[in-house]
Enquirer: 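I have a structure I would like to understand better, so I am pasting it below and will then ask my questions one at a time.
Positions are given from 1 along the sequence. In what follows, every heavy atom counts, from backbone to side chain, and hydrogens, waters and symmetry copies are set aside.
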Amino acid sequence: MVSAEVSLRELGIQLPQAPKPFGAYVEAVQTGNLLFLTGMLPVENQKPKFVGRVGKELDGAAGREAARLAALNALAVARERLGSLDNVSRVVRLGIYIATSGDLVDQPKVADGASELFNQVFGPNKMSARLVMGVARLPMDMPIELEVILETKP
C-alpha cells in the first residue's frame with residue numbers, strides 16, 4: 001500500500017498553502033480519532049478562484065475544477081493539522097455542496113472532481129461515504145463547498 005504523501009509526489013501534486021478562515025471559526029477540529037474540516041472552498045491565496053453557479057455562470061468542467069481545488073485545500077489543512085497525510089486512516093465523509101442554477105442534474109459528475117482526487121491520494125480502500133447537494137448560494141458566491149471528516153491514526 002502506497003502512502004498518501006508518496007501518492008502526492010507520484011501524481012506531481014504540490015499542495016497549496018492551507019487557507020485561513022474568512023470569519024470567526026477554525027479550519028479544523030479534532031476529537032478523538034476524527035478530524036472535522038470546516039467548509040473547504042475553491043480559494044487560491046485567500047481569494048476565490050471560481051465565482052458563480054454551476055449551470056449558469058460556470059459550466060460542469062469549471063465546477064469539477066472548483067471541487068478539485070477545494071479538495072486540495074482540504075488536504076493542505078489536514079496535512080498542516082496532522083503533520084502528514086499518512087496520519088489519515090480513512091476519509092469518513094465527504095459532503096459536496098454545489099451552487100447551481102436550479103436545473104443542473106449532473107451534480108455527481110461535478111462532485112467527482114473532489115472524490116477522484118481523494119481516491120488518487122488515499123486509494124479506494126480509504127474512500128468515504130458521500131453526499132452531493134445542489135444549493136442556491138454558497139459563501140462569497142463560490143460554486144463549491146466541501147464538508148470533510150477524516151479518521152486519523154491513533
Side-chain angles (χ1 to χ4, degrees), residues 4 7-31 34-82 85 88 90-152:
S7 292
L8 282 175
R9 282 193 298 278
E10 288 177 351
L11 293 165
I13 296 173
Q14 186 167 12
L15 293 181
Q17 184 175 14
K20 301 299 175 213
F22 288 103
Y25 60 92
V26 295
E27 291 291 324
V29 171
Q30 186 162 4
T31 181
L34 294 178
L35 180 66
F36 294 81
L37 303 184
T38 192
M40 293 282 102
L41 299 165
V43 298
E44 246 180 23
N45 301 317
Q46 282 303 107
K47 294 184 176 99
K49 178 156 184 183
F50 297 89
V51 175
R53 293 168 290 166
V54 180
K56 177 109 176 153
E57 295 85 9
L58 301 170
D59 64 13
R64 280 178 63 89
E65 275 187 64
R68 186 176 190 281
L69 178 56
L72 286 168
N73 286 328
L75 294 175
V77 168
R79 180 196 270 165
E80 182 177 84
R81 175 66 185 219
L82 301 172
L85 292 177
V88 173
R90 97 167 290 114
V91 182
V92 175
R93 164 126 183 209
L94 177 57
I96 304 167
Y97 300 88
I98 304 168
T100 74
S101 59
D103 56 357
L104 181 74
V105 295
D106 287 338
Q107 289 97 333
K109 290 180 184 174
V110 172
D112 282 345
S115 296
E116 289 169 359
L117 177 66
F118 284 172
N119 187 36
Q120 290 173 320
V121 172
F122 294 114
N125 294 335
K126 294 184 179 182
M127 286 305 292
S128 67
R130 181 174 98 167
L131 167 76
V132 179
M133 185 176 295
V135 299
R137 292 280 187 199
L138 289 168
M140 299 185 305
D141 203 24
M142 285 187 258
I144 302 288
E145 185 168 12
L146 303 184
E147 172 191 12
V148 182
I149 302 171
L150 303 170
E151 181 181 25
T152 62

Enquirer: Heavy atoms only: give me the nearest Met142-Phe50 pair and the separation to one decimal.
Expert: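 Minimum heavy-atom separation between Met142 and Phe50: CG-O, 3.4 Å.
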Enquirer: Give me the atom names and distance for the closest heavy-atom approach of Glu145 to Pro139.
Expert: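 Heavy atoms of Glu145 and Pro139 come nearest at OE1-CD, 3.4 Å.
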Enquirer: Starting at CZ of Arg81, measure out to CG of Leu150 and round the result to the nearest 0.5 Å.
Expert: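 If we round to the nearest 0.5 Å, Arg81:CZ and Leu150:CG are 11.5 Å apart.
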Enquirer: Do Gln120 and Ser7 touch side chain to side chain, with heavy atoms closer than 4.5 Å?
Expert: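 They are not in contact (no side-chain heavy atoms under 4.5 Å apart), so the answer is no.
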Enquirer: Atom CZ of Arg68 and atom CG of Leu146: how far apart are they, to the nearest 0.5 Å?
Expert: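 Nearest 0.5 Å value for the CZ-CG distance: 12.5 Å.
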Enquirer: Atom CD in Glu116, atom CZ in Arg64: separation rounded to 0.5 Å?
Expert: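 If I round to the nearest 0.5 Å, the distance is 4.5 Å.
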Enquirer: Are any side-chain N or O atoms of Glu57 and backbone N or O atoms of Val51, one a donor and one an acceptor, separated by less than 3.5 Å?
Expert: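 A pair under 3.5 Å: no.
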Enquirer: Please report the closest heavy-atom contact between Ala78 and Leu85, naming both atoms and the distance.
Expert: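 That would be CB-CD2, 3.8 Å.
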Enquirer: So, taking the atom named CD1 in Ile144 and the one named CG in Leu69, what distance separates them when rounded to the nearest 0.5 Å?
Expert: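 Taking CD1 in Ile144 and CG in Leu69, the distance rounds to 10.5 Å.
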Enquirer: Starting from the C-alpha separation in whole Å, work towards a yes-or-no answer on side-chain contact (heavy atoms from CB on, under 4.5 Å) for Lys126 and Val88.
Expert: CA-CA 9 Å; Lys126 294 184 179 182; Val88 173; 5.6 Å; no
Enquirer: Let me see the working for Leu82 and Gln30 under side-chain contact (heavy atoms from CB on, under 4.5 Å), right down to the final yes or no.
Expert: CA-CA 10 Å; Leu82 301 172; Gln30 186 162 4; 3.8 Å; yes
Enquirer: What distance separates Glu80 CD from Leu75 CG, expressed to the nearest 0.5 Å?
Expert: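 Between Glu80 CD and Leu75 CG, I get 13.0 Å after rounding to 0.5 Å.
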Enquirer: Could you walk me through whether Asn73 and Leu41 pass the side-chain contact (heavy atoms from CB on, under 4.5 Å) check?
Expert: CA-CA 7 Å; Asn73 286 328; Leu41 299 165; 6.0 Å; no
Enquirer: Which atom pairs, donor and acceptor, lie under 3.5 Å between side-chain atoms of residues 104-111 and protein residues at least two apart or in another chain?
Expert:
residue, atom, partner, partner atom, Å
Gln107, NE2, Leu104, O, 3.1

Enquirer: Mind listing the closest non-hydrogen atom pair of Gly63 and Val54 along with its distance?
Expert: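 What the structure gives for the nearest pair is CA-CG2, 3.9 Å.
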Enquirer: What pairs with Phe36 under side chain to side chain contact (heavy atoms under 4.5 Å, CB included), at least two apart in sequence or on another chain?
Expert: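 Phe36 satisfies side chain to side chain contact (heavy atoms under 4.5 Å, CB included) with Thr31, Leu34, Ile149 only.
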Enquirer: Nearest 0.5 Å please: distance from the CG atom of Leu15 over to the CD atom of Gln17.
Expert: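 So the gap between those two atoms works out to 11.5 Å.
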Enquirer: Does Asn45 use its side chain to pair, donor to acceptor, with the backbone of Lys47 at less than 3.5 Å?
Expert: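 Not confirmed, Asn45 side chain does not pair with Lys47 backbone.
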Enquirer: Mark yes or no for whether Arg90, through its side chain, and Met127, through its backbone, hold a donor-acceptor pair below 3.5 Å.
Expert: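 Yes; at least one donor-acceptor contact below 3.5 Å.
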Enquirer: Taking CD in Gln14 as the centre, count heavy atoms belonging to other residues, nucleotides or ligands within less than 6.0 Å. Is the count above 12?
Expert: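 Atom CD in Gln14 is not packed in, count stays at 12 or less.
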Enquirer: Pair Arg79, Leu8 - check side-chain contact (heavy atoms from CB on, under 4.5 Å), show working.
Expert: CA-CA 12 Å; Arg79 180 196 270 165; Leu8 282 175; 3.4 Å; yes
Enquirer: Spell out, as yes or no, whether a donor-acceptor pair under 3.5 Å connects the side chain of Asp112 to the backbone of Ser115.
Expert: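 Side chain of Asp112 to backbone of Ser115: no pair is present.
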Enquirer: What is the minimum heavy-atom distance between Val148 and Ala74, and which atoms define it?
Expert: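 Closest approach of Val148 to Ala74, heavy atoms only: CG2-CB, 4.1 Å.
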Enquirer: Where is the tightest heavy-atom contact between Pro42 and Pro143, given as atom of each residue plus distance?
Expert: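 In terms of heavy atoms, the two residues are closest at CG-CD, 4.2 Å.
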Enquirer: Under the rule for side chain to side chain contact (heavy atoms under 4.5 Å, CB included), what residues qualify as partners of Leu131, not counting sequence neighbours?
Expert: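 Leu131: side chain to side chain contact (heavy atoms under 4.5 Å, CB included) contacts with Arg93, Tyr97, Met133.
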